[in-house]
Amino acid sequence: MINKLISVFSGSNKVSISPRPYINHSVEFKKSNTPEERMKTLEKVGLNVFFFPSEMITGCDFLSDSGTTTMTNEQWAALHLGDEAYGSNRGYFRLREQILKTFGNDFFNPPEKGKPNAFLFHQGRACENALFSIIGQMGTNLIIPSNGHFDTTQANIEANHITPINLFSLEFKNGDEKFRFKGNMDILALKKLIKEKYNSIPILYLTITNNTGGGQPVSLANIREVSEIAHHAKIPLFFDACRFAENAWFIRKYEKGYSQKSIRAIVLEMFSYIDGFTISFKKDGLVNMGGGLFIKNTGLFTKKYPHLIDAIMNFQIRTEGHPSYGGLSGRDIMTLTVGLKTVMTDEYLNYRINQVITFGEEMKNAGLPVQMPIGGHAVYLNVNKFYAGTKMRGEDFGGISLTALLLGLYGHRACELGYFAFGKYNPNTRKEIHPEVNFVRFAVPRLRYERQDLSAAIVAVKALHDKRDKIPPVKVVYGRDLPLRHFKARFQFLPKFH
Ligand code: F0G
């Protein structure tokens, strides 16, 4: 009887919308306010959405997917089991077991061995600061190439007098809409660079997924090839591994030969090709705070620069804490241990990435210029295409106007990651130097919003797009020439175009 019923209804029980794989554990009601109140507040903070009080956001907060995760009930329970001892707390040993399971056996030496190679920090940029401060002391005129450095990575490299270089893939630069691994590194450009500047490259970096390059994944073929080239040239390879699980999901979905593999097996293969990684656990650690720097004990970095590992440990102890807790409280470590397990499950990852993809596809179907294909953690809107046919020019920073109006008028907070965030002002020529990308990013926090929330955001962006010729340019009234200027600058709407 049961089998008969299943066969009678099979097919019709496959509906296009599936339920979420979780239920709400607790919710927070938002405060209501009006567009006038939001616009006034926005004016007060110089149209810089970073300074807008989050309590006034009535729609979705897409500013970042970082540290904005809703924790599971298991994580909240684990938090209570946190052990706040000053050295070697309970969570440290549990985290070690989980790191070995997730990333492989070579990234966390047993503490009794006395050779720490796993360094906990309070967030990703603190790891970057440690690594590049130490590498920066190795010499002058150093360069660190990547498939796409994130802004804080770039800033930490530059702060240590090293030059960051981005080797975006050709498919990314050409705007190829079909290619599934646009986050890849440009192999030809890498070979050329190594040939010319071999002695100046202390390490190579691959960011998975490539956040600056539109949240696009990197294929295992590309990871393998970069690793072979790097190791042939005796250059250690590092991951910026913030979204490692999302990257693995794309490999399983789209790379030949991986459809039957588990996420765990794919992650282990990815990490088998590298010599170390930095990670912000605020993304695929599914926690609100945390980061780590891990060096492979059998890797090239350890062999080539054995003295640097001790220097990293000294740096960590001086700036964060003992290697057995780093920059984290015992309870943070416990929640991270659970988060790393959850992030690898199929039910979590399938839901997570399909939610982002559906959001992007619906935005595209609404006629909005979405960067295709859609990446793992965010939907990127192409600002130049958004304003095509209007008077908006690059130096008018239309991405800033768009994010300001979206927040002020409709209550959704997105983030300009384009000509303002990544561009530079040249005071000599009084001209802007535009970067290759001009996006507004809608980063989707993990386990936080429902489809209705995301649909409301699309309707709002569409309303702005319909009247895009009425969106004013902005003038930068403060911070145009500062480093990391998008975090600090202030703007004003201009009444008309130049
Ligand atoms: N690397 C990548 C690829 C990132 O996306 C981030 C943060 C970091 C490093 C730095 O980590 O924030 O823990 O210090 N990205 C966030 C974002 C802020 O919104 O994309 P952190």
Side-chain angles (χ1 to χ4, degrees), residues 49-50 54 60-69 119-133 144 146-159 164 166 168 172 182-185 203 205-218 238-247 250 270 274 276-294 319-320 326-328 332 335-336 339-340 356 371 375-380 399 403 413-418 421-422 437 439-446 448 484 486-488:
V49 300
F50 280 93
S54 71
C60 297
D61 192 353
F62 298 116
L63 188 60
S64 182
D65 65 318
S66 178
T68 51
T69 307
F119 305 98
L120 300 177
F121 286 84
H122 71 277
Q123 65 181 94
R125 65 200 70 184
C127 314
E128 296 161 2
N129 181 27
L131 183 62
F132 302 131
S133 296
I144 300 188
S146 166
N147 56 334
H149 287 295
F150 183 64
D151 58 9
T152 60
T153 322
Q154 177 152 336
N156 272 305
I157 292 174
E158 284 171 343
N166 289 333
F168 292 117
F172 173 73
K182 281 162 87 171
N184 283 354
M185 182 179 266
I203 61 170
Y205 242 81
L206 274 177
T207 309
I208 54 168
T209 54
N210 192 335
N211 190 2
T212 306
Q216 303 287 319
V218 181
F238 272 62
F239 278 156
D240 174 340
C242 295
R243 298 174 181 89
F244 70 95
E246 292 175 3
N247 200 91
F250 281 102
M270 284 158 58
I274 56 159
F277 62 100
T278 49
I279 185 165
S280 162
F281 289 123
K282 296 169 74 173
K283 286 81 171 170
D284 278 355
L286 298 186
V287 287
N288 304 124
M289 199 42 91
L293 162 58
F294 298 86
T319 60
E320 296 267 314
L328 294 176
D332 283 338
T335 57
L336 172 58
L340 281 174
V356 176
Q371 159 87 349
H377 71 291
V379 172
Y380 291 68
T403 53
R413 176 159 66 174
C415 182
E416 198 266 3
L417 285 180
F422 298 129
V437 293
F439 292 130
V440 162
R441 185 186 74 169
F442 297 76
V444 183
R446 294 167 181 79
R448 191 175 173 96
L484 293 168
H486 54 305
F487 292 113
K488 305 177 262 187

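Start at 1 with the first residue, then count along the sequence. Whatever order the structure lists them in is the order used to number ligands and atoms, beginning at 1.
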Query raised in the report: Hey, are K282 and D65 close enough for a salt bridge, meaning a charged N less than 4.0 Å from a carboxylate O?
Result: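 Salt bridge between K282 and D65, a charged N being under 4.0 Å from a carboxylate O: no.
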Query raised in the report: Are D61 and R413 close enough for a salt bridge, meaning some N to O gap below 4.0 Å?
Result: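 The answer is yes: the pair qualifies as a salt bridge.
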Which residue and heavy atom of the protein sit nearest [atom], plus the separation:
atom	answer
atom 7 (C) of ligand 1	K283 NZ, 2.6 Å
atom 1 (N) of ligand 1	D240 OD2, 2.6 Å
atom 8 (C) of ligand 1	F150 CD2, 3.5 Å
atom 10 (C) of ligand 1	T152 OG1, 3.5 Å
atom 12 (O) of ligand 1	R125 NH2, 2.8 Å

Sub-4.0 Å atoms of ligand 1 with respect to non-hydrogen atoms of [X]:
X	result
S280	11 (O), 13 (O), 21 (P)
K282	13 (O)
T207	3 (C)
Q123	12 (O), 13 (O), 14 (O), 21 (P)
G124	11 (O), 13 (O), 14 (O), 21 (P)

Query raised in the report: Looking at Y380 and G215, what are the two nearest heavy atoms and their distance?
Result: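 That closest heavy-atom pairing would be OH-N, 3.4 Å.
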Query raised in the report: Ring centroid separation for F442 and F62, is it under 6.0 angstrom?
Result: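 When the ring centroids of F442 and F62 are compared, they turn out to be within the sub-6.0 Å range.
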Query raised in the report: Taking the six-membered ring for Trp, is the centroid-to-centroid distance between F50 and F487 below 6.0 Å?
Result: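 Yes, ring centres under 6.0 Å apart.
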Report task. Determine, stepwise, if the pair E246 / K283 fulfils side-chain contact (heavy atoms from CB on, under 4.5 Å). Result -> CA-CA 10 Å; E246 292 175 3; K283 286 81 171 170; over 6 Å; no
Report task. Identify which one of T278, D240, T153, N147 satisfies the side chain to side chain donor-acceptor pair (under 3.5 Å) criterion when paired with Y205. Result ->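 Result: among T278, D240, T153, N147, T278 is the only option passing the side chain to side chain donor-acceptor pair (under 3.5 Å) with Y205.
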Requested in this report: Pick whichever of R441, E128, H377, R243 has a heavy atom sitting closest to atom 9 (C) of ligand 1.
Outcome: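 Residue with the shortest heavy-atom distance to the ligand atom: E128.
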Requested in this report: Give the intermediate values and the outcome of side-chain contact (heavy atoms from CB on, under 4.5 Å) for residues H149 and N166.
Outcome: CA-CA 6 Å; H149 287 295; N166 289 333; 3.5 Å; yes
Query raised in the report: Is A443 near ligand 1, meaning one of its heavy atoms is under 4.0 Å from it?
Result: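 Contact check A443 vs ligand 1: negative.
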